[in-house]
Amino acid sequence: MTGTAGGCFIAVEGPNGVGKSTTALALTTRLESRGIPVLLTGEPSDSPLGKLTRSAESGLAGRPLALAIAADRAAHIAGTIEPALSAGHYVVSDRYLPSSLVLQRLDGLATAEIWQYNSFAVAPDITFYLEHDPAIIQNRLNQRRHRSRLERIGSPKRELTLYAEAHRFLAALGWRQEHIDCRGLTTDVIVTAMLGHLDQPII
Ligand SMILES: Nc1ncnc2c1ncn2[C@@H]1O[C@H](COP(=O)(O)OP(=O)(O)O)[C@@H](O)[C@H]1O
Ligand SMILES: Cc1cn([C@H]2C[C@H](O)[C@@H](COP(=O)(O)OP(=O)(O)O)O2)c(=O)[nH]c1=O
């Protein structure tokens, strides 16, 4: 997506509980503080289709869930991400296609089938994979009152392994991806590390 009128598409990925939502919000706030217009978004999206997908997650599983997530992603790209980039905005997405390469695999699908449903997806300018000690992530998840079906069948360790496989798969397709080991790092430091990886580093 690079070159879209100054816009920059950043995906924030990583296992449940690693800190994606916290970091995506902090990244957005930091960019805005530098005068950059930013759209903070995420998947499933907050459109009616995304909300339906989110609420149906305990009832839908496997292939039907994968297709619903892919449909929401197609609408999210065409209706939200691309228009923001065309307007020269930065876009920060809390989860994107790599989440499907992890969560739909947890749900029993093979990578080839997941890719078949998602091959339309534009590559972000950069995708960040947040990583942490699986025991610490698990501790965080244990504090949550509600845990989704996929959160319950996965584990931080398994998700980290599947993210490493997703990284290899997408690297072969030319995606630009960076890992950030969050152990012992404050959110501010993580955001600074992310900004240092951008084509036009932001201080
Ligand atoms: N850098 C950090 N240091 C310490 N705790 C963090 C950090 N980032 C996030 N957290 C905490 O970890 C928990 C999970 O974060 P969250 O952003 O909801 O994760 P995710 O969106 O990946 O599920 C929250 O309680 C959050 O406050
Ligand atoms: C983005 C994405 C989400 N999901 C599902 C898994 C989750 O149970 C659900 C919601 O995502 P999640 O990020 O866990 O929700 P929250 O924002 O509430 O923490 O959507 C997929 O199965 N595949 C995907 O690619």
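Read the numbers this way: they start at 1 and go in the same order the structure lists the ligands and their atoms.
- On a distance-only criterion, E43 and ligand 2 share no N/O pair closer than 3.5 Å.
- Judged by the shortest distance from any of its heavy atoms, R73 lies inside the 4.0 Å radius around the atoms of ligand 2.
- D107 has a carboxylate O that lies under 4.0 Å from a charged side-chain N of R149, or vice versa, which qualifies the two as a salt bridge.
- Put simply, I81 and L49 are part of two different groups of oily side chains (I, L, V, M, F, W, Y) that touch within less than 4.5 Å, one to the next.
- The OG atom of S155 sits 9.5 Å away from atom CG of L141, with the distance rounded to the nearest 0.5 Å.
- Counting only N and O atoms by type, the side chains of Q138 and N142 include a donor and acceptor under 3.5 Å apart.
- Within the 3.5 Å criterion, the main-chain N or O of P44 finds no donor-acceptor partner in the side chain of R95.
- The distance from ligand 2 to the heavy atoms of R54 drops below 4.0 Å at these ligand atoms: 10 (C), 15 (O), 16 (P), 17 (O), 18 (O).
- In this pair, H179 and Y129 present their aromatic rings parallel. The plane angle is below 30°, not in the 30 to 60° band.
- For a threshold of 3.5 Å applied to N or O pairs, the pair formed by Y96 and ligand 2 contains no separation below that value.
- Closer than 4.0 angstrom to ligand 1 by heavy atom are P15, N16, G17, V18, G19, K20, S21, T22, R140, R144, L185, T186, T187, I190, sorted by chain and number.
- Shown in contact with S148 at under 4.0 Å from a heavy atom are these atoms of ligand 2, numbered in order with element: 8 (O).
- The L150 neighbourhood of ligand 2 comprises atoms 6 (C), 22 (O), with distances under 4.0 Å to a heavy atom of that residue.
- Interface of N16 with ligand 2, defined as ligand atoms under 4.0 Å from a residue heavy atom, comprises 14 (O).
- Between the side chains of R63 and Y117, a donor-acceptor pair is found at a separation under 3.5 Å.
- Under a 3.5 Å cut-off, the side chain of R105 and the backbone N or O of T111 do not form any donor-acceptor pair.
- Taking every non-hydrogen atom of Q104 and a distance limit under 4.0 Å, the qualifying atoms of ligand 2 come out as 21 (C), 22 (O), 23 (N), 24 (C), 25 (O).
- A donor-acceptor pair shorter than 3.5 Å can be found between the side chains of T192 and R30.
- No N or O atom of E151 sits closer than 3.5 Å to an N or O atom of ligand 2.
- Cluster annotation: I136 and Y163 are assigned to distinct hydrophobic clusters (Ile/Leu/Val/Met/Phe/Trp/Tyr, side-chain heavy-atom contacts under 4.5 Å, transitive).
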